[in-house]
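Remarks on the structure that follows.
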Amino acid sequence: MLRRRTYEAVSGYLFVAPAVVLFAVMGLYTVGYGFLLSFARWNGFAPHWDWVGLQNYKDLLWQNPAYAPRLHHAAIHTLYVMVAVPLLTVLVSFPLAVLLNSAKRMQGVLRSVYFVPYVTSGIAVFFAWQYILQPDGAVNSVLSTLGMGSLAQPQGWLGNPDTALPTMIVVTVWGAVPVAMLLYLTGLQGIDRSVLEASQLDGAGWWRTNVSVVWPLVRPITSIVVLLNLRDSLQGFQTFLVMTNGGPGDHTNVLGLEAYRLAFLKDLAPTLGLASALGWILFAAALVIALVNLRVMRSKT
Amino acid sequence: MRTPFARFTPKTRFAAVTVATVLSLTPLAACGGGSSGSGDAKSLTMWTFKQSHVAALKNAAAQFKKQTGITVTVQAYGPDDAYTTKVQAAAKTHDLPDVLEVHADGEDFALGATGIARDISKEVGADWSGLYQKGVQTSGTVTPAHYKESIPSDSKTHGVKEGQRFSVPLTSGTFGIVMGNKKMLAAAGITAPPASYEEFLADLKATTAKDPGNGGVSLGLKVKATGLTWGLQPLAFGELGKEKYQALWGQDASADFASPDGQKVLGLYAQMQPYWMPGTQTLDIDAADQAFAQGKSAWDIGGTFTLAFLQQNGMNPEDVMAFGFPGPQAGAVPKPALAPLALTGLSVSATSSHPENAEKWMKFLAQPAVASQFAKDATEVPSTELGADAASVMGATLADMTKAFEGAPENTYDPNVNDFRPPGYDQDSMAEILADLTPLKQKSPEATGKAMAKLNNNFWATANK
């Protein structure tokens, strides 16, 4: 009996071992390695790390005039993205989900159509966006065709410093809406029909029902959508790397892109530690945002 | 209570446990090092970031195989940033090829400092380096100036030693070459290259007046440093002359970008504002060249290497008028020459299992007959000295470009000389400010000069700590 129990225990441990080993190697080891790296100067190949203590953090935040001003500029752009993307995502995806939820026919087809941006998001789509936004691209052509040529951007939507960041925000929202919409749909379908019927019996119309009954009930979903998009806005950089490389000039440089540049695009300069320090600063910011969000959620629900 | 495992037979349980054990060890195995070195005694692998070199290198490899029996496999990865990360990743996983094409006199030193490229100073004797043009015979060698740049611990080449050699040159040429579409130029009444910057501006005015949509100049400004290094710098050299040009990056406030000299140069450069191709600030170098090849711009700023790419994109080199970025008429050097420099070089990876074969291949590419064929196949200026045959080998347009190399040393803009700039200088950050002057038109020359001088002083402050 004891032998059998031991055998089963060993079997059990072996079954969870792949996940545990994966977590230990890919999770704990890399996190620990990255944290230590943030206190060192290293180019990725030199045999030794030069320990610099907190200098990387100081250099990034205020001390080194070659890095700190760039970071401050990128932080302002990131802040714009962090405010605009979650807000616009909620403003677009919630009404879309309400409309889809009330559709009587072809709900499945429509849901798939609105989910397309998510499944097609990738490098190729961002290249396609670039073409669409060029001076002779589809956006300007459509505006001209509709008689709104004065709104067209002669330098392209990514070429004008005033429109480049807002355009990047729109493209990011376009990629974020599908998941947010699905989350809202899940929330809407979980609402007890009797609550909606009660509000209608009380004389509430479609608008009043959605604003005063449905919206408060899906607030936890809103919190999740906001949190996910805040995190993506804070740390994401792929779209910016492919579509603008931080340009024109540095008008769309964001913190994630700056971290990537410090890590991989400095021609083997010893800036990996700086990149890692920036990564940890972003992590700390994400943690604070998550805690604030949790607090807000608790107080409202 | 029955455990979930109880209903399985011992054999099934044993098999499941074996699978689980193997799975649990897989991540650890994946963390192990890969095989180092590449190729056997009769084969070599070479990586390049130049798609336009692949066919020419493959032709040379076929000849090399006939002579030596050694097969060379050529692979291209691009664009440049992707190549850089590919090389770094391969170095980490010990999957480097035997030979790497590199940006000469920069990337090769960084690769040498990190141990990715092998020091070949002992192997490259006078019989080998003597095959190259005089100006690039020592390319890839750590000179006293390069060594000085490497001394700060935050330098990307920190660790190299004077006299080490990490590459031999493959292609030569220069940046700051302006190309015009002969047909579009002729339509605007332009049949000869401009003799000065003022004439160039007048020509730009003529082509944009003739064709407002497509008559401008393209430049891949998404790669940030292009405007600074291919446009402003040759222009500043022409306007100010060597000493005052170098002083723009110095610590003397009376001579930097905020000074009257700096203002004059920035004011001149800003005059290009009306003539940029719409959206050129969103294009990388290849896309800007492609736009020129497609007739979306009448002018293109690039280098001697651009012609190969234009040809690849369907443009006949004979349809291109090429000349060096012209100097201002009243400038200190009205007709500046552009110094030829080694653009790309060849490095042997430190993990190559047959470095002697790699070196044999590199020396083979330096032979005049092989280099001539390479020049024809790739439409590039080879680093090998081709003597009197050079013009006929390279074709009329490429030969025209090399005319920009002709000039007295004091009148020659040499992009390879960088020791007057602050250690740790980052040209991309500087170029971002310049882009706000033109084409983005966000700052005046005065504000741009102040911002550039401030950033330059920041680099000096960091270096002087």
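All values below were derived from every heavy atom in this structure, side-chain atoms included, with hydrogens, water molecules and symmetry-related copies excluded. Throughout, a chain's letter reflects where its sequence line sits, starting with A, and its residues are numbered from 1. Note that the structure is a prediction, hence the values are computed from the model and not measured.
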Heavy atoms of other groups near Lys161(B) NZ, more than 12 under 6.0 Å: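 Count not over threshold, so no.
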Minimum-distance pair of heavy atoms, taken over all atoms of Phe264(A) and Thr84(B):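 Answer, listing the atom of Phe264(A) first, then Thr84(B): O-CG2, 4.5 Å.
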Where Pro248(A) and Leu440(B) come nearest, the two heavy atoms and their spacing: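 Looks like CB-CD2, 3.5 Å.
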Residue pair Met243(A), Thr282(B): steps toward the side chain to side chain contact (heavy atoms under 4.5 Å, CB included) verdict: CA-CA 8 Å; Met243(A) 289 182 64; Thr282(B) 64; over 6 Å; no
State, with a plain yes or no, whether a side-chain heavy atom of [X] is found less than 4.5 Å away from one of [Y].
X         : Y         : result
Asp136(A) : Lys296(B) : yes
Phe45(A)  : Ile116(B) : yes
Gln130(A) : Lys222(B) : yes
His251(A) : Glu432(B) : no
Pro65(A)  : Thr462(B) : yes

Which residues share a salt bridge (charged side-chain N to carboxylate O under 4.0 Å, His left out) with Arg261(A), sequence neighbours left out: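 Arg261(A): salt bridge (charged side-chain N to carboxylate O under 4.0 Å, His left out) contacts with Glu258(A).
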Best-contacting candidate, Ala24(A), Pro161(A), Pro47(A), against chain B by heavy atom pairs under 4.5 angstrom: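 Counting heavy-atom pairs under 4.5 Å, the top option is Pro161(A).
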For chain B, the option from Asp162(A), Asp50(A), Leu268(A) that forms the most heavy-atom pairs under 4.5 Å: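 Heavy-atom pair counts peak at Leu268(A).
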Which of Met277(B), Lys454(B), Lys441(B), Gln281(B) touches chain A most, by non-hydrogen pairs under 4.5 Å: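 When all of Met277(B), Lys454(B), Lys441(B), Gln281(B) are compared, Gln281(B) has the most.
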Residue-level contacts of residues 149-158 of chain A with chain B, using a heavy-atom cutoff under 4.5 Å: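 Answer by number: Pro154(A), Gln155(A), Leu158(A).
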Let me confirm one number: the [atom1]-[atom2] distance from [X] to [Y], rounded to the nearest 0.5 Å.
X         : Y         : atom1 : atom2 : result
Gln442(B) : Asn160(A) : CD    : CG    : 7.5 Å
Leu221(B) : Asn245(A) : CG    : CG    : 12.0 Å
Asp81(B)  : Leu241(A) : CG    : CG    : 8.0 Å
Thr114(B) : Asp267(A) : OG1   : CG    : 11.0 Å

Residue-level interface, residues 103-113 of chain B with chain A, non-hydrogen cut-off under 4.5 Å: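 Under the 4.5 Å heavy-atom cut-off, Ala110(B), Leu111(B) qualify.
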Residues 152-160 of chain B: residues contacting chain A (heavy atom under 4.5 Å, by number):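 Listed by number: Ser153(B), Asp154(B), Ser155(B), Lys156(B).
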Heavy-atom contact with chain B under 4.5 Å, split by part of Asp250(A):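 For Asp250(A), the contact with chain B is made by backbone and side chain together.
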